[in-house]
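Structure record follows, encoded as structure tokens.
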Amino acid sequence: MGRHFDNELRDLKFSLLAMAGLVEEMVELARQSFTERSDAKADRVIALDHNVDELELSLDQACIDLLALRAPFASDLRLLASTLKIVPELERIGDHCTNIAKRVKFISAYPHILTAQQIEALGEATHSMVKRAMDAFVNGDAELAKAVIADDDLVDEIYVQVSKDMLQIMLQDPSAIERASHLIILVKNWERIADQATNIAEEVLFILEGVNVKHPYLQKRES
Amino acid sequence: MDLNERPVIPEPVPTITEPPRAGEAHILSQQGTPLTDRAALEAPTMVSVKDLNLFYGRKQALHGINLEVGKNTVMALIGPSGCGKSTLLRCINRMNDLIDNVRIDGHVRVGQSDIYAPDVDVIGLRMRMGMVFQKSNPFPKSIYENVAYGLRVQGVKNRAVLDEAVERSLISAGLWDEVKDRLNESGLGLSGGQQQRLCIARALAVKPEVLLMDEPCSALDPLATSRIEELIFELKRDFTIVIVTHNMQQAARVSDFTAFFWMGKLIEVGLTEKLFTNPRERMTEDYISGRFG
């Protein structure tokens, strides 16, 4: 196993980065579609999801083929095992972007309600997490991956606050219930994307350091 | 392989990691449940190699080896040709004594015995060590006599004792069902995989404490290899096993611990699943992932 396998791994990384690039574009378009009330951008997000699904299938197959044919060890094994987990995370991010885009199409005809800026902040923070998680993968940057994981708490805080605000709005103005319901689902999708970016960052740490950082409460209990 | 043709390889990192024991279990538990039986981590030492140097004439083949093998565990020795792994294996039953111009210093203990102590009975020592070689080497005798051979050398003549030992050993070697009706036929008439299991049965008959295997599957097809590997898994309940292999997958499949050697030096030793997923040394990583040299 030498140069040929290295080429195969390089091709796999390129394909993963192509998928990540596409997903990042969907995240950014989803964010803009809400901010700009753009149905065109929402439609573009929905259309891109098909391409992401196709890439998921081809990357899955490539990983299985390499595991079966190359029987890799050490960092090669970690890369393939983690790619098999990163790919579905990216695919799910694509699905969440599609959900956001669909909700945007529902609410785009109406004016922003009170928490629009917070929702935009949520979108920006989440987009940043996805982008930096993949940057950590590309650059082999463990510190950046750790920073992404830490940022998940900030996104959760925004999400909780937005949800509370939305509930308050619905209580105060029953005519806003339909829009607010769409927005609650929309922000939940942003929060899930941040979770998925966190999962990707955890996989990047496993690739780089061979350390599983998931579920720290279980590790504390064991120790 | 001419080792002198690889000048680009840097000198190995001198820090040699000790085999993980109880302390490592704590670290691993933070990383998830290890595949290795926890008992392997707590196993008392069966074979202990300390500061071992070996010279073939003026050429030093082993450099300050320190290695411990736990009782009822499997230790795989891996590394490129000429790295010293088979030489180390032969140190454990003093087979290197049979080679001219060999000089050894350091200590090898098996159980409580320092096997290089001046008063050691070498023949008696080798009876405590079963050895299985790369190429099966049954004697030109019947299957029964192949297995009974070691006991006969020890002077055992009681037929019932021999019968029991032959059956027990062939069962342990996973060969009994295939040969029980033809024990008087020549061992040379068996297939390659069966011959190797016959050799394992022969080694087991004298109830050794340690089983040394020098590339036992290198001449076997995948099916026969699989049977030997399953056998190793079974045998470690009763024996301590040290196996030399060039097959990385085999080392990963059968061993609890793996030691990587390069140019007569022990570069890294550790839990097999850790060494094959996240080795400490870059040189180990390059070797097991096929990027060496």
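The sequence lines fix the lettering, A, B, ..., with proteins before strands; numbering per chain opens at 1.
Residues Asp6(A) and Arg291(B) approach most closely at OD1-NH2, 2.5 Å, considering heavy atoms. Contact detail for Ser289(B) and Phe73(A): the closest heavy-atom pair is CB-O, 4.3 Å.
Within a 6.0 Å radius of NZ in Lys188(A), more than 12 heavy atoms belonging to other residues, nucleotides or ligands are found. Atom NZ of Lys13(A) sits in a sparse spot, with 12 or fewer heavy atoms from other residues, nucleotides or ligands closer than 6.0 Å. Counting heavy-atom neighbours within 6.0 Å of Arg253(B) CZ, excluding the residue itself, gives a total above 12. In Lys131(A), the NZ atom is not crowded: 12 or fewer heavy atoms of neighbouring residues, nucleotides or ligands sit closer than 6.0 Å.
Within the model, atoms CZ of Arg78(A) and CG of Asn278(B) stand 4.0 Å from one another, a figure rounded to the nearest 0.5 Å.
Judged purely by atom type and a 3.5 angstrom limit, Gln249(B) uses its side chain to pair as donor or acceptor with the backbone of Ala71(A).
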